[in-house]
Amino acid sequence: MTTSAPTDLLFMMAGDVHRNARALRQLGALAADGMSVRVLCLPGQATSPLPDGVSVEPIAVQGSGGPGFFRRLHRQFAEAAAAHAAKLVHASDLYVLRAARQTARARGVPYTFDARELYTHVAATAGRPHVRFFWDVVQRGAIRQAARVWTVSNHIADFLAERYGITRPDVQLNAPAFREITPDPFLRNTLGLMPDQPILLHLGQLRRDRGAEVLIQAMAEWPTTAPDAQLVFLGYGPHRKTLERLANGLARVHFLDPVPPNRVLPVTAGADLGVTLLQPTCLNHRYALPNKLFDYLAAGLPVVASDLEETGAMVRRFDCGLTVEPNRPDAVRDALLKACTRSADTLRWKRNARVAGETLDWNAVSDRFARQMRSLIP
């Protein structure tokens, strides 16, 4: 097999890099530090330009899940990676971690791991102990030898350190770079809404256990005397058609396709309230800090969020909205009503959301991430 010219970093992920905001931020930091990066990822749509010095090699893997798919994914990523003489290998998720370790061992170089989820306890493993056991074995065998590990919340960092006997992973929040944002009227213009109609925004993928059904039920019980709020789902996912059928006949519930990552914050800033309602169906959800939460705060939106370990603590820390039991439509409705009514509370939450966005700024940690990577390159 012909080997390519040496690159600083081989960045592997079982997803579309163009739609992964965390990966795009990390790649931007590495490119700004002058590193050359080759990305191996699943095919997707090039909706976002990549920084200079970053190239992408899509790896088409037949199927979308199950043991056969993951065997093929490992084999094809390992085969593709063997053609690259990288000085450092990075696994951006658990599903490519074995391929990253195999590649690094063959090259005699270190590898790193970004535990973007608590993979052994995601929703797909709930009630499936054999699946959880398999991924626990995969993770245990590779995470201990990784030169560095990152994750997304303090609870997950503590869990990984205790479970696998490793140095506590660095917590790298999924917060975007803070900047002054001019609100984009895309949502209001697309839906033909008036200025006095509050927009309640749900960003991100439409999957089970994200609370979308509860939100729709809450809007079905919206009082006629309340502000004429409109719920917008801005995203895609396998659950969208089911949700559209559930919302059929509800004029105040809307579904729009996602916008490119570079438009997410301006479009979000054109809403009035952000909502994240992860259900406590698995440990990963309880310990999660969803991307959408940080997008809302960076855009200056107050939030209504699930009262889970990490999410609830973040909202209370900054006093930027309300927390709620995410599986109760009546409680969600009441929280939305309070949060979209102009009051001293909502004005305070909005001010504090901006403070949170400025505090949780990717720019404040991007240089550190690049230095950590650079220190591992011979």
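This chain uses plain numbering: 1 for the first residue, then up along the sequence. Atoms considered below: every heavy atom in the structure, side chains included; atoms not considered: hydrogens, waters and symmetry mates.
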Practice prompt. Step by step, work out the salt bridge (Lys or Arg N to Asp or Glu O under 4.0 Å) result for Arg342 and Asp272.
Written response: CA-CA 10 Å; Arg342 190 173 179 83; Asp272 298 283; over 6 Å; no

Fill in: Main-chain N/O of Asn363 paired to Asp361 side chain as donor or acceptor, under 3.5 Å
yes

Worksheet item: Any sub-3.5 Å donor-acceptor pair from Asn284's side-chain atoms to His121's backbone N or O?
Response: no

Worksheet item: Where do Ala335 and Leu322 come nearest, in terms of heavy atoms and distance?
Response: O-CD1, 3.6 Å

Discussion item. So does Ala115 get a backbone contact from the side chain of Thr151, meaning a donor-acceptor N/O pair under 3.5 Å?
Written reply: yes

Item to complete: Check whether the side chains of Asn327 and Gln279 place a donor and an acceptor atom closer than 3.5 Å, and report yes or no.
Response: no

Item to complete: Can you sort out the partners of His155 under ring-ring contact (aromatic ring centres under 6.0 Å, His included), two or more places apart, ordered by chain and number?
Response: Tyr287

Practice prompt. Check whether Leu289 and Leu278 end up in the same hydrophobic cluster, where Ile, Leu, Val, Met, Phe, Trp and Tyr are linked by side-chain heavy atoms less than 4.5 Å apart.
Written response: no

Practice prompt. Indicate yes or no for a side-chain donor-acceptor contact from Ser36 to the backbone of Gly53 under 3.5 Å, with no hydrogens or angles considered.
Written response: no

Worksheet item: Taking Asp93 for the side chain and Val96 for the main chain, is one N or O donor matched with an acceptor at less than 3.5 Å?
Response: yes

Discussion item. Tell me if a side-chain donor or acceptor on Arg116 pairs with a main-chain N or O of Val152 at a distance below 3.5 Å.
Written reply: no

Discussion item. If I take atom CZ from residue Arg210 and atom CG from residue Leu243, how far apart are they, to the nearest 0.5 angstrom?
Written reply: 11.5 Å

Practice prompt. Answer yes or no: does atom CG of Asp52 have more than 12 heavy-atom neighbours from other residues, nucleotides or ligands under 6.0 Å?
Written response: no

Fill in: Steps toward salt bridge (Lys or Arg N to Asp or Glu O under 4.0 Å) verdict (Arg168, Glu162)
CA-CA 8 Å; Arg168 188 177 188 270; Glu162 181 177 355; over 6 Å; no

Worksheet item: For Trp222 and Cys340, which heavy atoms make the closest approach, and how far apart are they?
Response: CZ2-SG, 3.8 Å

Item to complete: For residues Ile143 and Arg163, determine if any side-chain heavy atom of one lies less than 4.5 Å from a side-chain heavy atom of the other.
Response: no

Worksheet item: Donor-acceptor pair, Thr311 side chain versus Ala288 backbone, under 3.5 Å?
Response: yes

Worksheet entry | Path from Phe294 to Leu201 over hydrophobic side-chain contacts below 4.5 Å | yes

Worksheet entry | 4.5 Å side-chain heavy-atom contact, Tyr111 and Leu10 | no

Worksheet entry | Nearest-0.5 Å distance, CG of residue Leu206 to CD of residue Glu213 | 9.5 Å

Item to complete: Please test Asp228 against Met194 for side chain to side chain contact (heavy atoms under 4.5 Å, CB included), starting from the C-alpha separation and ending with a verdict.
Response: CA-CA 10 Å; Asp228 186 19; Met194 301 301 292; over 6 Å; no

Worksheet item: For Arg240, does the CZ atom have more than 12 heavy-atom neighbours from other residues, nucleotides or ligands under 6.0 Å away?
Response: yes

Practice prompt. Determine, using the 4.5 Å side-chain heavy-atom cutoff (strictly less than), whether Leu234 and Val275 are members of one ILVMFWY cluster.
Written response: no

Worksheet item: When hydrophobic residues are tied together by side-chain contacts of less than 4.5 Å, even through go-betweens, does Leu203 share a cluster with Leu256?
Response: yes

Worksheet item: Val264, Leu191: one ILVMFWY side-chain cluster at the under-4.5 Å cut-off?
Response: yes

Worksheet item: Sub-3.5 Å donor-acceptor pair from the side chain of Arg333 to the main-chain atoms of Pro223, do we have one?
Response: no

Practice prompt. Would you check if the side chain of Tyr296 reaches a backbone N or O of Ala353 as a donor-acceptor pair within less than 3.5 Å?
Written response: no

Item to complete: Applying salt bridge (Lys or Arg N to Asp or Glu O under 4.0 Å), name anything that partners Arg263, two or more places apart in sequence or on another chain.
Response: Asp184

Item to complete: Using ring-ring contact (aromatic ring centres under 6.0 Å, His included) as the criterion, list what pairs up with Phe318, not counting sequence neighbours.
Response: none

Worksheet item: Any idea which heavy atoms bring Ala147 and Thr112 closest together, and the distance?
Response: CB-CG2, 4.5 Å

Fill in: Side-chain heavy atoms of Asp136 within contact of Tyr164, under 4.5 Å
yes

Worksheet item: For the side chain of Arg25 and the backbone of Ala177, is there at least one donor-acceptor N/O pair under 3.5 Å apart?
Response: no

Worksheet item: Would you say Met314 and Leu360 make side-chain contact, with heavy atoms under 4.5 Å?
Response: yes

Discussion item. Testing the basics here: between Ile156 and Glu117, what is the closest heavy-atom pair and its distance to 0.1 Å?
Written reply: CD1-C, 4.3 Å

Item to complete: Working to the nearest 0.5 Å, report the span between OG of Ser366 and CZ of Arg371.
Response: 9.0 Å

Discussion item. Within the structure provided, determine whether Tyr236 and Arg19 are in side-chain contact (heavy-atom separation under 4.5 Å).
Written reply: yes

Fill in: Residues forming a side chain to side chain contact (heavy atoms under 4.5 Å, CB included) with Ala99, sequence neighbours excluded
Met12, His74, Phe77, Ala78

Practice prompt. Kindly write out the residues that satisfy side chain to side chain contact (heavy atoms under 4.5 Å, CB included) with Arg348, not counting sequence neighbours, or none if the list is empty.
Written response: Asp319, Asp345, Arg351, Asn352

Item to complete: Check the side chains of Asp114 and Gln26 for a donor-acceptor pair under 3.5 angstrom, ignoring hydrogens and angles.
Response: yes

Item to complete: Determine the minimum heavy-atom distance between Ala339 and Val304, stating which atoms define it.
Response: CB-CG2, 3.9 Å

Item to complete: With the side chain counted from C-beta on, respond yes when His84 and Glu57 share a heavy-atom pair under 4.5 Å apart, and no when they do not.
Response: yes

Discussion item. Counting C-beta onward and ignoring hydrogens, is there a side-chain heavy-atom pair between Arg98 and Gln102 closer than 4.5 Å?
Written reply: no

Worksheet item: Using 30° and 60° as the class limits, which term best fits the ring planes of Phe369 and Trp362: parallel, tilted or perpendicular?
Response: tilted

Worksheet entry | Minimum side-chain heavy-atom gap Phe70-Trp135 below 4.5 Å | yes

Worksheet entry | Pairwise side-chain hydrogen bond (donor to acceptor under 3.5 Å, both in side chains) hits with a residue in residues 141-150, at least two apart | Arg105-Gln145, Arg148-Asp170, Trp150-Gln372

Fill in: Contact summary for Ala229 and Met219, nearest pair of heavy atoms
O-CE, 3.8 Å

Practice prompt. Decide whether Arg132 and Thr120 meet the rule of one side-chain donor and one side-chain acceptor closer than 3.5 Å.
Written response: no

